[in-house]
Amino acid sequence: MNRFQFYKVASCTPSVSIGNPSENKKEILNILNSLDSDTQLAVFPELCISGYTCQDLFYEELLLNKSKEAVIELAHEIPKNMAVVVGLPLVVKNKLYNCAAFLFNGQILGIYAKTYIPMYNEFYEKRWFSSGKELDTHSIQLGNQIVPISNKIIFKDKTCNAVIGIEICEDLWVTIPMSSSHALAGANILVNPSASNEVIAKTQYRTDLVKNQSARTYSAYVYASAGCDESTSDLVFSGHNLICENGSLLKQGFNEKYIISEIDLQHLQHDRIHYKTSMEDNVTDYIEIEYESKAYDTIQCTRTFDAYPFVPHTSQQRIERCQEILSIQAQGLATRLKKIHCNQVVIGISGGLDSTLALLVCNEAFKMNGYNNAGIHAITMPGFGTTKRTKNNAQLLMDLLHVSSEEISIVPGVQQHFKDIHHDENVHDITYENSQARQRTYLLMDLANKYNGIVVGTGDLSELALGWCTYNGDHMSMYAVNASVPKTLVRYIVESYALKEESLRDVLLDICDTPVSPELLPPDQNGKIQQKTEEVLGSYDLHDFFLYHMLRFHESPLKIYECCKEAFKDIDEETVKKAIHTFYHRFFTQQFKRNCMPDGVKVGSICFSPRGDWRMPSDASSQMWKDELEKIA
């Protein structure tokens, strides 16, 4: 696929011969030569040139000299156009420092000196090493090079805008990690050559630490830890390697030669722009080293793309997420009702997923406020397209929840309306469909006046994105409880409720199995739904993927298309292409509906409220996006 600012990194754990820099250099080279040729950065563990567990051998002049020789030689032997970070001990003005060298194209571009030197429990590094804070020079002679050295140094790849900051092991575990300072100085890829031993529960703590640091700095984090060849006199090292991006774990491994993944630099840049106040503190005295790597046009991607970005992966996570979302929705409605001194709501029930979820939200909100469910006025409004299955499910659900239910056929009213506007009932066009949706809405609004209540809207986030709602019809309500819930998640929320409420299980599961449809066209000869939304718009699975990547990271259409093909390998390209054209066309042309959408609680990272998350002119030009879509071969 196209490169799209993907930056390929490797976290490596070589076999270590303690106190033998020459052998360690060979092992490092073996790993480097086995990596993908388009790898742009490889990170190795703390003191991997010498071995981390050398202990008092660090005082040996022979070991120190051979370590220095090895890194000078290594710089000349590494693959071209691959940046490499390796750990080694270095003497600077009669002090020994735990360092990481940054190597590129035959040169040592710079040295980072470890800042926080542990001296507790199993760690006693202060016996040998000084802190990088004690450096009173900013350069060191290595071979025929004068090399910058500091604990405030970053490396900028001018070709792809990757900015790399190094910290070593303990530097991450302190109150204010050095990587936080590096990020404020501009680093977007943080690397950590580490030697972290294993004790009970440390693996999970370490993983959380790396993930959280990548999240709070809006960075990628590459963690390379010493492996099991280090001395086991007192400790065990597992080679726990991690690659994280902005709070997400992309890849991890234990005592593997290497793990590899791709960092999305565009994602990181987007969040730094979007959440700019978090990155505004100034840092000073930083050395910035620039270099220029090879530009790659394409990439063999090893990272995976989540086909369902709104949906947690495991069943337990889904249940917990869905219960949390329903609780947020219900709390929003419950608070609104209390604030306006109202204990009556009106809601249209179709027997479909969205109205079912909205009714469950009303049920929970009334529980929270201690209201009688008789105040929930659930109205079924069968029309020309209503099927027996959805109608029966709607009535059964209302009965089981003990709400006030009523059936009002919209057919006579719509037929009269057709006469008024001189529309032929046999012409099943957009007028035919929207007249029904508006008839239902005005009935609900008038009933809300009658019961001194509010109309609860049922439309979801995906429908808002596509404008799949009738303006001043189902588009309008007085509080829209599903407004920020994507379609791919609605089904799981209803299913999770079915697991919790046994009396509702059968009807809720049958509703989940019903095809998504507004039921505005007559059913087929067998009485089954003829108008299926996804046959018109394309799969909501695809649309929610487009929606997430466009609204969360503002990626280009071409990138979203390529990532979607990777995520949905079982869907043919023509289907994806058709769906993404539909998505962008409808997204731009339907903004006017989002600009006057009703209040509704936000539950996730994406929301279309014009008062909060999404501000866009209704008449914005979509030409640039259309032009890019035309590039899809």
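Fair warning: this is a prediction, and the values are worked out from it, not measured in the lab. Values reported hereafter were calculated over all heavy atoms of this structure, with side chains retained and with hydrogens, waters and symmetry mates removed. Sequence positions, counted from 1, serve as the residue numbers for this chain.
Heavy-atom contacts from other residues, nucleotides or ligands closer than 6.0 Å to NZ of K68 number 12 or fewer. For NZ of K156, the number of neighbouring non-hydrogen atoms (other residues, nucleotides, ligands) closer than 6.0 Å is 12 at most. The environment of NZ in K126 is sparse: at most 12 heavy-atom neighbours from other residues, nucleotides or ligands sit within 6.0 Å. Crowding of Q300 atom CD: a count of heavy atoms from other residues, nucleotides or ligands under 6.0 Å not exceeding 12. Within 6.0 Å of atom NZ in K66, 12 or fewer heavy atoms from other residues, nucleotides or ligands are found, so the atom counts as exposed in its surroundings. Counting non-hydrogen atoms of neighbouring residues, nucleotides and ligands closer than 6.0 angstrom, the NE2 atom of H585 reaches no more than 12 such neighbours.
Scored by the side-chain contact (heavy atoms from CB on, under 4.5 Å) test, I146 finds S139, Q141 as partners (sequence neighbours excluded). Evaluation of the salt bridge (charged side-chain N to carboxylate O under 4.0 Å, His left out) rule for R206 yields E198 as partners, not counting sequence neighbours. Every residue meeting the side-chain contact (heavy atoms from CB on, under 4.5 Å) condition with Q107, not counting sequence neighbours, appears here in chain and number order: L109, Q145. Residues passing the side-chain contact (heavy atoms from CB on, under 4.5 Å) test with S621 are Q623, sequence neighbours excluded. Applying the side chain to side chain donor-acceptor pair (under 3.5 Å) test to R615 and every residue at least two apart in sequence or in another chain returns nothing. Every residue was checked against the salt bridge (charged side-chain N to carboxylate O under 4.0 Å, His left out) condition with R216, not counting sequence neighbours, and none meets it. Looking at residues two or more places apart in sequence or on another chain, you find no ring-ring contact (aromatic ring centres under 6.0 Å, His included) involving Y561. A search for salt bridge (charged side-chain N to carboxylate O under 4.0 Å, His left out) contacts involving D208 returns nothing, not counting sequence neighbours. For H549, the side-chain contact (heavy atoms from CB on, under 4.5 Å) test picks out F545, E555, I560, with sequence neighbours left out. Residues passing the salt bridge (charged side-chain N to carboxylate O under 4.0 Å, His left out) test with E134, sequence neighbours excluded: K95.
Taking the ring centroids of Y205 and W173, they lie under the 6.0 Å cut-off.
Closest approach of E46 and C169 over heavy atoms only: OE1-CB, 3.2 Å. Counting all heavy atoms, side chain and backbone alike, S150 lies closest to L135 at CA-CD1, 3.9 Å. The two residues D541 and F568 make their nearest non-hydrogen contact at O-CZ, 3.8 Å. Shown here for M119 and Y124, the closest heavy-atom pair between the two residues is SD-CA, 3.2 Å.
Here the side chains of C244 and Q252 are not in contact, with every heavy-atom distance at 4.5 Å or above. The shortest side-chain heavy-atom distance between L142 and L90 falls under the 4.5 Å cut-off. Looking at E170 and E125, their side chains never come closer than 4.5 Å, going by heavy atoms from C-beta outward. In this structure the side chain of L489 reaches within 4.5 angstrom of the side chain of V311, judged on heavy atoms.
Using the six-membered ring where Trp is involved, F6 and F4 have ring planes that are perpendicular, over 60° apart on the 30 and 60° scheme. Under the 30°/60° scheme for interplanar angles, the aromatic rings of F237 and Y52 are found to stand perpendicular. Using the six-membered ring where Trp is involved, Y218 and Y275 have ring planes that are parallel, under 30° apart on the 30 and 60° scheme.
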Using the salt bridge (charged side-chain N to carboxylate O under 4.0 Å, His left out) rule, take R3 and D38 through it: C-alpha gap first, then chi angles, then the decisive distance, then the call.
CA-CA 11 Å; R3 197 79 189 189; D38 61 348; 3.3 Å; yes
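Electrostatic pairing of K559 and E562 does not count as a salt bridge here, judged by no charged N lying under 4.0 Å from a carboxylate O.
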Which atom pairs, donor and acceptor, lie under 3.5 Å between side-chain atoms of residues 73-86 and protein residues at least two apart or in another chain?
| from | atom 1 | to | atom 2 | distance (Å) |
| --- | --- | --- | --- | --- |
| E73 | OE1 | K25 | NZ | 3.0 |
| E77 | OE2 | K25 | NZ | 3.3 |

Distance-only donor-acceptor hits, side chain of residues 289-296, under 3.5 Å, sequence neighbours excluded:
| from | atom 1 | to | atom 2 | distance (Å) |
| --- | --- | --- | --- | --- |
| S293 | OG | D157 | OD1 | 3.1 |
| S293 | OG | D157 | OD2 | 2.6 |
| Y296 | OH | S37 | O | 3.4 |

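Checking side-chain atoms of D171 against main-chain N and O of I168 turns up a donor-acceptor pair under 3.5 Å.
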